[in-house]
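In what follows, a structure is listed as structure tokens, so that the remarks can point back to it.
Note that this is a predicted model, so its numbers are computed, not measured.
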Amino acid sequence: MNAPLASLDAALLARARAQSRQSRRSLVEELQGLSGLEPREIVRLLAEPFGLATMETPEMFGQQPAFDLLPLAQALARHCVLLRDEGKNLTGVIADPFDLDLQTWLQAHAGATAASPLHLRLALQSDIQAYLGKHEESARAVDTLVGDSGEGRRDGKSATVLSFASVSEAASPAVKLVNSTLYDALKAGASDIHLESTAGGLAVKYRVDGVLDHAASVGGIELAEHIISRLKVLAELDIAERRVPQDGSFRVESAGRDIDLRVSIMPSIHGEDAVIRILDKRAMIEAYGSLTLEALGFDAPSLATLRMLAQEAYGMLLVTGPTGSGKTTTLYAALTEIHNGREKIITIEDPVEYQLPGILQIPVNEKKGLSFAKGLRSILRHDPDKIMVGEIRDRETAEIAVQSALTGHLVLTTVHANNVFDVFGRFTHMGIDPYAFVSALNGIWAQRLIRMNCPRCAVQYTPDDAELASAHLTRADVHDYVFMHGVGCGDCRGTGYKGRRSIAEILTLNDEIRELIVDKQPIRRIKAAAAANGTRSLRLAALDLVKRGATTIEEIRRVTLHA
């Protein structure tokens with residue numbers, strides 16, 4: 001601890017810092033409540049022992065943000081900003097002089113070195129957020145002007161507007177915490193938000209690039225219950241029901257984007273847990289506007305095989321993998337490429353995640369009686385050439401899909417299985433006749449998403465024997481490998497990984513493989529025939545990325561099995 005800060009002694013500071021970590025209020029706010037001093041006086045007293053100058057709002061607004069170095073989303077999340085003056089000199093503005101990790105992180109973003117460190121200034125957190133909020137409003141206004149299609153919301157529901165202002169102005173603690181959690185998760189690029197009840201409150205986690213990351217803890221059982229109740233209100237669920245699972249949805253608007261949120265509430269031993277799945281349709285539109293199979297990152301041989309299977313005149317192409325492995329995205333990309341306007345293409349999905357121009361898309365609505373099976377029966381009366389079924393979940397849907405593939409339609413669909421060979425067991429368990437299934441089936445495509453090394457902080461290294469053994473590799477196996485791993489930086493939030501790409505395992509059926517399946521031969525014989533026919537396992541596809549330094553042994557252990 002530094003020397004006493006005038007009216008702010010060490011004990012007072014320690015208490016304020018502890019309360020700030022628990023309440024999510026800023027250090028200055030806690031010190032103001034404890035000392036009675038004015039916020040700007042507190043900032044001055046905090047800055048002096050660290051040799052920092054302070055920065056007032058007018059000076060801050062007189063400089064331009066360096067969002068090219070520190071993006072707006074990350075600045076908002078970490079309560080700091082990089083400013084650039086007329087002479088192109090950089091200044092880092094922070095609100096907590098005790099946060100050394102933040103200072104190091106900010107220095108890395110600015111490209112500072114020991115010989116040329118970044119000049120830091122101290123400011124009120126509210127001033128920093130106001131500055132960033134102003135720039136966010138400008139970005140949102142521009143985004144709305146250039147991106148508004150003029151189409152009204154068909155469901156008639158209004159969207160909750162999420163911005164810095166709406167988060168700051170919320171009166172209820174529960175409303176403010178829900179809004180700020182959604183806001184932070186969107187800025188972090190999360191696909192899901194997990195709110196997990198604990199004995200003392202609530203744990204908040206974000207799933208980013210397929211991996212859960214602890215974001216915050218909320219103290220107090222009563223506040224935790226209010227937060228879950230707030231989510232139920234937004235999703236139009238029964239707030240009095242706490243004994244059975246509930247599912248719902250709602251919509252928010254952030255930076256001009258309409259974002260759909262699907263909510264799942266589950267009772268637990270400490271209360272109720274919630275998972276919120278984020279569907280950012282604008283982001284999908286931007287990604288899918290030029291979506292091709294190449295954009296998904298598959299290797300050239302896999303792409304050639306997938307294109308061949310997707311362009312067959314009839315039969316079935318199955319895409320398999322766990323939830324969140326990119327199955328639907330792959331099917332969208334395939335449909336985008338094969339759609340030529342001369343064939344009738346119909347999809348049935350739950351939900352329709354992206355509108356494909358010129359294609360009839362039907363959303364499943366179980367509450368109204370429109371299931372996959374019932375919708376698929378109706379589709380066959382609509383004279384389709386190609387059909388996409390979002391997911392095969394039951395025997396009835398599987399039977400109709402197989403019959404459709406046998407009667408001159410190309411059916412593209414997904415099913416949950418670990419690899420291409422597990423699919424046969426899934427359909428057998430559903431009671432589907434093996435002969436009809438393999439007669440209809442053209443091929444199976446299994447995929448995973450692998451995290452890539454952060455390009456900014458990745459360095460070359462040599463793994464030890466224990467790490468190689470964990471992946472069932474020897475020194476002889478890796479003599480031509482270039483091992484790389486990320487050491488962690490501001491760009492990747494210290495994880496060492498940034499972005500993901502797809503890997504695939506493909507099984508194309510020939511007469512030999514069909515006969516082995518119908519005869520119920522051991523899986524090892526089917527695998528041997530598949531390997532002879534060109535099938536490469538997911539693990540080998542992942543190892544190829546390790547060999548080129550694109551990802552790590554640790555990541556392929558997480559995503560694939562040794563086989």
Side-chain angles (χ1 to χ4, degrees), residues 291-321 325-340 342-349 356 359 376 384-392 398 401-424 426-427 432 434 436-449 501-514 516-517 526-527 529-538 540-541:
L291 180 64
T292 62
L293 290 167
E294 280 95 347
L296 302 181
F298 295 115
D299 59 89
S302 297
L303 282 178
T305 304
L306 180 57
R307 285 197 171 100
M308 177 194 72
L309 293 171
Q311 291 170 359
E312 295 284 1
Y314 55 86
M316 179 185 288
L317 167 60
L318 271 172
V319 180
T320 188
S325 60
K327 300 186 296 294
T328 304
T329 303
T330 298
L331 288 183
Y332 277 150
L335 286 177
T336 300
E337 290 201 1
I338 66 176
H339 179 44
N340 55 23
R342 296 190 296 273
E343 294 178 310
K344 184 76 170 184
I345 301 177
I346 305 178
T347 77
I348 180 163
E349 307 169 59
L356 298 167
I359 293 176
L376 189 50
D385 295 293
K386 294 178 170 61
I387 302 167
M388 175 183 139
V389 182
E391 183 184 346
I392 290 180
V402 168
Q403 289 302 315
S404 302
L406 289 171
T407 54
H409 304 91
L410 179 65
V411 178
L412 296 88
T413 185
T414 73
V415 67
H416 282 91
N418 288 324
N419 54 56
V420 294
F421 304 103
D422 287 350
V423 169
F424 304 123
R426 286 276 290 143
F427 275 77
I432 305 303
F437 176 52
V438 298
S439 298
L441 190 61
N442 294 333
I444 306 172
W445 173 281
Q447 70 178 60
R448 296 289 191 278
L449 292 174
R501 65 174 290 178
S502 304
I503 57 170
E505 176 181 74
I506 312 154
L507 174 64
T508 55
L509 272 74
N510 56 23
D511 290 342
E512 179 188 3
I513 295 173
R514 287 189 172 96
L516 291 172
I517 295 168
I526 300 175
K527 285 184 176 182
N533 196 40
T535 296
R536 183 177 65 158
S537 71
L538 285 165
L540 290 177

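Judged by distance alone, with hydrogens and angles left aside, the side-chain atoms of Thr413 form no donor-acceptor pair with the main-chain N or O of Met388 at under 3.5 Å. Side-chain atoms of Asn419 do not come within 3.5 Å of backbone N or O of Thr320 as any donor-acceptor pair. Judged purely by atom type and a 3.5 angstrom limit, Arg426 uses its side chain to pair as donor or acceptor with the backbone of His416. With hydrogens and angles ignored, the 3.5 Å screen pairs no side-chain donor or acceptor of Arg448 with any backbone N or O of Glu505. Judged by distance alone, with hydrogens and angles left aside, the side-chain atoms of Gln447 form no donor-acceptor pair with the main-chain N or O of Gly321 at under 3.5 Å.
Counting only heavy atoms from C-beta outward, the side chains of Phe437 and Val423 approach each other to under 4.5 Å.
With values rounded to the nearest 0.5 angstrom, His339 atom NE2 is found 10.0 Å from Lys344 atom NZ. Taken to the nearest 0.5 Å, the CG atom of Leu507 stands 4.5 Å off from the OG1 atom of Thr535. In this structure, CG in Leu406 is found 10.0 Å from OH in Tyr314, a value given to the nearest 0.5 Å. Put simply, CG on Asn442 and CE on Met308 are 8.0 Å apart, with the number rounded to the nearest 0.5 Å. If you take CG on Leu335 and NZ on Lys386, they are separated by 9.5 Å, rounding to the nearest 0.5 Å. Atoms CD1 and CG, on Ile338 and Asp385 in that order, are 10.0 Å from each other to the nearest 0.5 Å.
Of the options Val389, Ile387, Leu331, Ile345, a side-chain contact (heavy atoms from CB on, under 4.5 Å) to Leu412 is made by Leu331 and by none of the others.
Nearest heavy-atom pair, Ala504 versus Ala541, reported as atom, atom and distance to 0.1 Å: O-CB, 3.9 Å. Nearest heavy atoms, Phe424 versus Val420: CE1-O, 4.0 Å. Nearest heavy-atom pair, Ala529 versus Ile513, reported as atom, atom and distance to 0.1 Å: CB-CG1, 4.0 Å. The nearest pair of heavy atoms linking Ala310 to Leu410 is O-CD2, 3.2 Å. Of all heavy-atom pairs spanning Glu343 and Asn340, the tightest one is N-OD1, 3.7 Å. The nearest pair of heavy atoms linking Ser325 to Leu449 is O-CG, 3.5 Å.
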>> One pair to check against side chain to side chain contact (heavy atoms under 4.5 Å, CB included): Ile506 and Leu306. What are the steps and the verdict?
In response: CA-CA 8 Å; Ile506 312 154; Leu306 180 57; 5.9 Å; no
> Passes side chain to side chain contact (heavy atoms under 4.5 Å, CB included), Leu538 versus Ile503? Steps please.
Replying inline: CA-CA 7 Å; Leu538 285 165; Ile503 57 170; 4.1 Å; yes
>> With side chain to side chain contact (heavy atoms under 4.5 Å, CB included) as the criterion, how do Leu441 and Phe427 come out once you've worked through the C-alpha distance, each side chain's angles and the decisive distance to 0.1 Å?
In response: CA-CA 12 Å; Leu441 190 61; Phe427 275 77; over 6 Å; no
> Where do Trp445 and Lys327 land on the side chain to side chain contact (heavy atoms under 4.5 Å, CB included) test, with the steps shown first?
Replying inline: CA-CA 9 Å; Trp445 173 281; Lys327 300 186 296 294; over 6 Å; no
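Ala532 is linked by a side-chain contact (heavy atoms from CB on, under 4.5 Å) to nothing, counting only residues two or more places apart in sequence or in another chain. In this view, Ser404 satisfies the side chain to side chain donor-acceptor pair (under 3.5 Å) rule with no residue, not counting sequence neighbours. Listed by chain and residue number, Met316, Leu376, Ile392, Val411 satisfy the side-chain contact (heavy atoms from CB on, under 4.5 Å) test with Ala401 (two or more places apart in sequence, or in another chain).
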